[in-house]
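Structure record follows, encoded as structure tokens.
Computed from a predicted model, the values in this text were never measured in an experiment. Chain A is the first sequence line, chain B the second, and so forth, proteins listed ahead of strands; every chain is numbered from 1.
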Amino acid sequence: MPELPEVEVTRLGFASRIEGATIMASAWGKPLRWPLGCDPQVLVGCQITHVGRRGKYLLIHMDRGLLLVHLGMSGSLRFADVLPAPGPHDHFTLHTSRGHLRLHDPRRFGAVVFADGLDDDIARKLLGKLGVEPLSEDFTSPAFVARMRELRAPIKQALLAGEVVVGVGNIYACEALFLAGIRPTTPARAVGPRRLARLHAVIRAVLTQAVAAGGSTLRDFSGPDGNAGHFQTQASVYGREGQPCVQCGKSVRRLLQGQRSTYYCAVCQAR
DNA sequence: ATTCTCACCTGCGGGC
DNA sequence: TGCCCGCAGGTGAGAA
């Protein structure tokens, strides 16, 4: 599920409410993608100071160390004063003095990992190669164009790789390429600079709109208050194979790139 | 170094 | 009704 907008919607929904809370206990279900990396007792008594985000990782900073939370494909976080007893897919609950934070993740591709700090080994391993934040000032058009022009990979896969810009997953990569009029299979370096500049602008715009719409809910995702996102209803191509292109009316196509579905319009994205 | 494939895990919808 | 297949928002590991 969660690409940058969904993670950001999650963060915005509970960050200010949990900051300042003291952790009382944690509860665990089935194993997630990676082990916590410390004794769960280490968390008890820690005070949460700030909730940030890097790419698709939530960073729960504490007075001692931080938690890196990833939602994988099917994860969602819920934060509430009162939560029901954990269900079979609730694999982590953080009980704090300000409420209870719970990770629901049927597929368990998500993770909760403890790190001493952002420069410790595990944090660097997970965050070290990530590209620029697309909603930050550092995401500039000239730098983006220059970096993309170095890459042989098909442009969609260059976006998904996250080494140039983070947070753009399968939905938003398809949408951004459609809005920029770029064929997803074109090698990044073969896309003209003006189209790349357009892509830069459109990535910002589409992610911003998606955050405003509460993210996309295909099946699992909900924000920390339990509300579904509705950006998926605004999608131009994603999930619309065989349906008419919103611009030209021709049938939206689907193809596979690196085992992932790509949706595009062969007319509007001619090259 | 790159680039590609596999693997992780569960659930759902479609076709037979 | 029920089974089997394909598909799903991510990404690290290992092979080629």
Any side-chain N or O of [X] below 4.0 angstrom from OP1/OP2 of [N]?
X        : N      : answer
A/Lys125 : C/dA13 : yes
A/Lys56  : C/dT11 : yes
A/Ser261 : C/dA8  : yes
A/Lys129 : C/dT11 : no
A/Tyr238 : C/dG9  : yes

Inset, instruction - Can you label the angle between the A/Phe139 ring and the A/Phe144 ring as parallel, tilted or perpendicular, going by 30° and 60°? - result: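 Perpendicular.
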
Inset, instruction - Specify whether A/Phe14 and A/Phe79 have parallel, tilted or perpendicular ring planes, treating 30° as the upper limit for parallel and 60° as the lower limit for perpendicular. - result: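 The arrangement is tilted - the two ring planes meet at 30° to 60°.
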
Inset, instruction - Go through the N and O atoms of the side chain of A/Arg107 and the base of C/dA8, and report whether any donor-acceptor pair is under 3.5 Å. - result: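 Result: at least one qualifying N/O pair found.
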
Legend entry - N/O donor-acceptor pair, side chain A/Arg33 with base C/dT11, under 3.5 angstrom: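 Indeed, a donor on one side and an acceptor on the other fall under 3.5 Å apart.
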
Between [N] and [M], how far is it from one [atom1] atom to the other, in whole Å?
N      : M      : atom1 : answer
B/dG11 : C/dG12 : P     : 25 Å
B/dG13 : C/dG10 : C1'   : 22 Å
C/dT11 : B/dA1  : P     : 23 Å

Between [atom2] of [N] and [atom1] of [X], the distance in whole Å:
X        : N      : atom1 : atom2 : answer
A/Glu3   : C/dT11 : CD    : C1'   : 13 Å
A/Trp34  : B/dC9  : CH2   : P     : 14 Å
A/Met73  : C/dC7  : CE    : P     : 13 Å
A/Arg108 : C/dG12 : CZ    : P     : 19 Å
A/Phe109 : B/dG11 : CZ    : P     : 12 Å
A/Arg219 : C/dG9  : CZ    : P     : 9 Å
A/Gln257 : C/dG10 : CD    : C1'   : 16 Å
A/Leu127 : C/dG12 : CG    : C1'   : 14 Å

Legend entry - Residue met sooner reading DNA chain B from 5', once A/His89 and A/Gly258 are mapped to nucleotides: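 Looking at the nearest nucleotide for each, A/Gly258 comes out on the 5' side.
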
Inset, instruction - Could you check A/Arg152 against A/Gln259 and say which one's nearest nucleotide on DNA chain B is further toward the 5' end? - result: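 So the residue in question is A/Arg152.
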
Inset, instruction - Tell me the stems DNA chain B sits in, counting at least three consecutive Watson-Crick or G-U wobble pairs, each under 3.5 Å on both distances. - result: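 DNA chain B stems, ordered by first number: B:2-8 with C:10-16, B:10-16 with C:2-8.
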
Inset, instruction - Give one of base, sugar-phosphate or nothing for A/Phe231, where a contact means two heavy atoms less than 4.0 Å apart. - result: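 The residue A/Phe231 makes no contact with any strand.
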
Inset, instruction - Identify whether any heavy atom of A/Arg260 sits under 4.0 Å from a base atom; if not, whether one sits that close to sugar-phosphate; answer base, sugar-phosphate or nothing. - result: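 Contact class for A/Arg260: base.
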
Between [X] and [Y] (side chain of the first, backbone of the second, donor and acceptor by atom type, cut-off under 3.5 Å), is there such a pair?
X        : Y        : answer
A/Gln247 : A/Cys268 : no
A/Gln232 : A/Thr217 : yes
A/Ser236 : A/Glu175 : no

Legend entry - A/Asp105 CG to A/Leu71 CG distance, which is reported to the nearest 0.5 Å: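 Reported to 0.5 Å precision, the distance equals 7.5 Å.
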
Inset, instruction - Kindly compute the distance separating CD1 (A/Ile182) from CZ (A/Arg271), expressed to the nearest 0.5 Å. - result: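 Interatomic distance, A/Ile182 CD1 to A/Arg271 CZ, rounded to 0.5 Å: 10.0 Å.
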
Legend entry - Contacts of A/Glu133 that satisfy salt bridge (Lys or Arg N to Asp or Glu O under 4.0 Å) - sequence neighbours left out: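 A/Arg53, A/Arg54.
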
